[in-house]
Novice: 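Here it is, the structure, as structure tokens.
Remember, predicted model here, so these are calculated numbers, not experimental data. Counting from 1, the numbers follow the sequence of the chain as shown.
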Amino acid sequence: MIGYYQPGRSIVHRLPAGTKLILLIVAIVASTIFVRTPIQALAVGGGVAVLFAVAGIGWRVAAAQLRPMFWMLVVIAVFQVLITSWSRAAVVCGVLIASVALAALVTLTTRVSDMLDAVTRALGPLRRFGVDPERVGLLLALAIRCVPLLSGIVHDVAQARRARGLEWSVTALVTPVLVRALRTADAMGDALAARGVDDD
């Protein structure tokens, strides 16, 4: 769902992209440092839910942002319970869910072009040190585009594997995904080179 924008007129939508990115970083860092109990983690989660409601984002769309991390959360929770305690596991998973949800809220309420423009402007002063803000912006745009593209490749290969009766074969999933991903990367590289992106 990265790069999926939901138009709206809420105060969250109207905030400048740069402001939202800064607030996102501050919120994640503050949650990581100051949230120490499950009650505090629950309060943070409630605050994030309120922001989704203010932005007019439905619960189905919000849940779709978090669904891909379900199994990762399960692994992290089990690991934390084994080495620390259930309360620490709740805090870690709660902060992680809130952080991902906040990042999803930013992408849902901000056009990708606006975010890239904000990053490019922020990196402007680094030109004197040899940093090319436009090239960094292009890199971020490609990263944002490639995440759903790779997800689509995995989905297509998984469907084909299931149709061939190879649902439990890891090789039947990994090998075609790698081949298609490498071919796609080559095609994108050729397209960029043809447009003179790599020219000085």
Novice: Is the shortest side-chain heavy-atom distance between L66 and M69 below 4.5 Å?
Specialist: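 Yes - at least one pair of side-chain heavy atoms lies under 4.5 Å apart.
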Novice: Rounded to the nearest 0.5 Å, what's the gap from CG on L51 to CG on L105? Could you check?
Specialist: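 L51 CG to L105 CG: 6.0 Å, rounded to 0.5 Å.
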Novice: Holding to side-chain hydrogen bond (donor to acceptor under 3.5 Å, both in side chains), I want the full list of residues that pass it with R127, two or more places apart in sequence or in another chain.
Specialist: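 R127: side-chain hydrogen bond (donor to acceptor under 3.5 Å, both in side chains) contacts with E134.
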Novice: Looking at R36, I want to see if its CZ is surrounded by more than 12 non-hydrogen atoms of other residues, nucleotides or ligands under 6.0 Å.
Specialist: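 It does: R36 CZ has more than 12 such atoms within range.
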Novice: For I39, does the CD1 atom sit with more than 12 other heavy atoms under 6.0 Å from it, leaving out its own atoms?
Specialist: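 Counting neighbours around CD1 of I39, 12 or fewer heavy atoms of other residues, nucleotides or ligands fall under 6.0 Å, so no.
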Novice: I'd like to check the side-chain contact (heavy atoms from CB on, under 4.5 Å) partners of P38; sequence neighbours left out, ordered by chain and number.
Specialist: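 Applying side-chain contact (heavy atoms from CB on, under 4.5 Å) to P38 gives W86, S87, A90, V91.
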Novice: Are there over 12 heavy-atom neighbours, none belonging to I11, within less than 6.0 Å of that residue's CD1?
Specialist: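 No.
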Novice: Side-chain heavy atoms nearer than 4.5 Å, only ILVMFWY residues, links allowed to pass through others: does that put L96 and L102 together?
Specialist: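 Shared cluster, no.
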Novice: Please report the closest heavy-atom contact between S10 and V54, naming both atoms and the distance.
Specialist: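 Heavy atoms of S10 and V54 come nearest at CB-O, 3.3 Å.
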Novice: Determine, using the 4.5 Å side-chain heavy-atom cutoff (strictly less than), whether M115 and I28 are members of one ILVMFWY cluster.
Specialist: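 Linked, M115 and I28 end up in one cluster.
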Novice: Establish whether V92 and L42 are linked, either directly or via other cluster members, by ILVMFWY side-chain heavy-atom contacts under 4.5 Å.
Specialist: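 They do not share one cluster, since no chain of ILVMFWY contacts under 4.5 Å joins V92 to L42.
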Novice: Return the CZ to CG distance between R161 and D156, rounded to the nearest 0.5 Å.
Specialist: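 Rounded to the nearest 0.5 Å, the CZ-CG separation comes out at 13.0 Å.
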Novice: With clusters defined by side-chain heavy atoms of hydrophobic residues (ILVMFWY) lying less than 4.5 Å apart, directly or transitively, does L73 cluster with V95?
Specialist: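 No: no chain of side-chain contacts under 4.5 Å links V95 to L73.
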Novice: If you round to the nearest 0.5 Å, how far is CG of L123 from CZ of R135?
Specialist: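 So the gap between those two atoms works out to 14.0 Å.
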Novice: Considering all heavy atoms of both residues, which atom of Q80 and which atom of R88 are nearest to each other, and what is their separation?
Specialist: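 Smallest interatomic distance, heavy atoms only, reads OE1-CG, 3.6 Å.
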Novice: Linking I/L/V/M/F/W/Y whenever their side-chain heavy atoms sit closer than 4.5 Å, directly or via other members, would V100 and V61 fall into one cluster?
Specialist: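 They do not share one cluster, since no chain of ILVMFWY contacts under 4.5 Å joins V100 to V61.
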Novice: What side-chain donor-acceptor pairs closer than 3.5 Å can you find for residues 16-27, not counting sequence neighbours?
Specialist:
residue, atom, partner, partner atom, Å
K20, NZ, V12, O, 3.0
K20, NZ, T109, O, 2.9
K20, NZ, T109, OG1, 3.4
K20, NZ, T110, OG1, 2.7

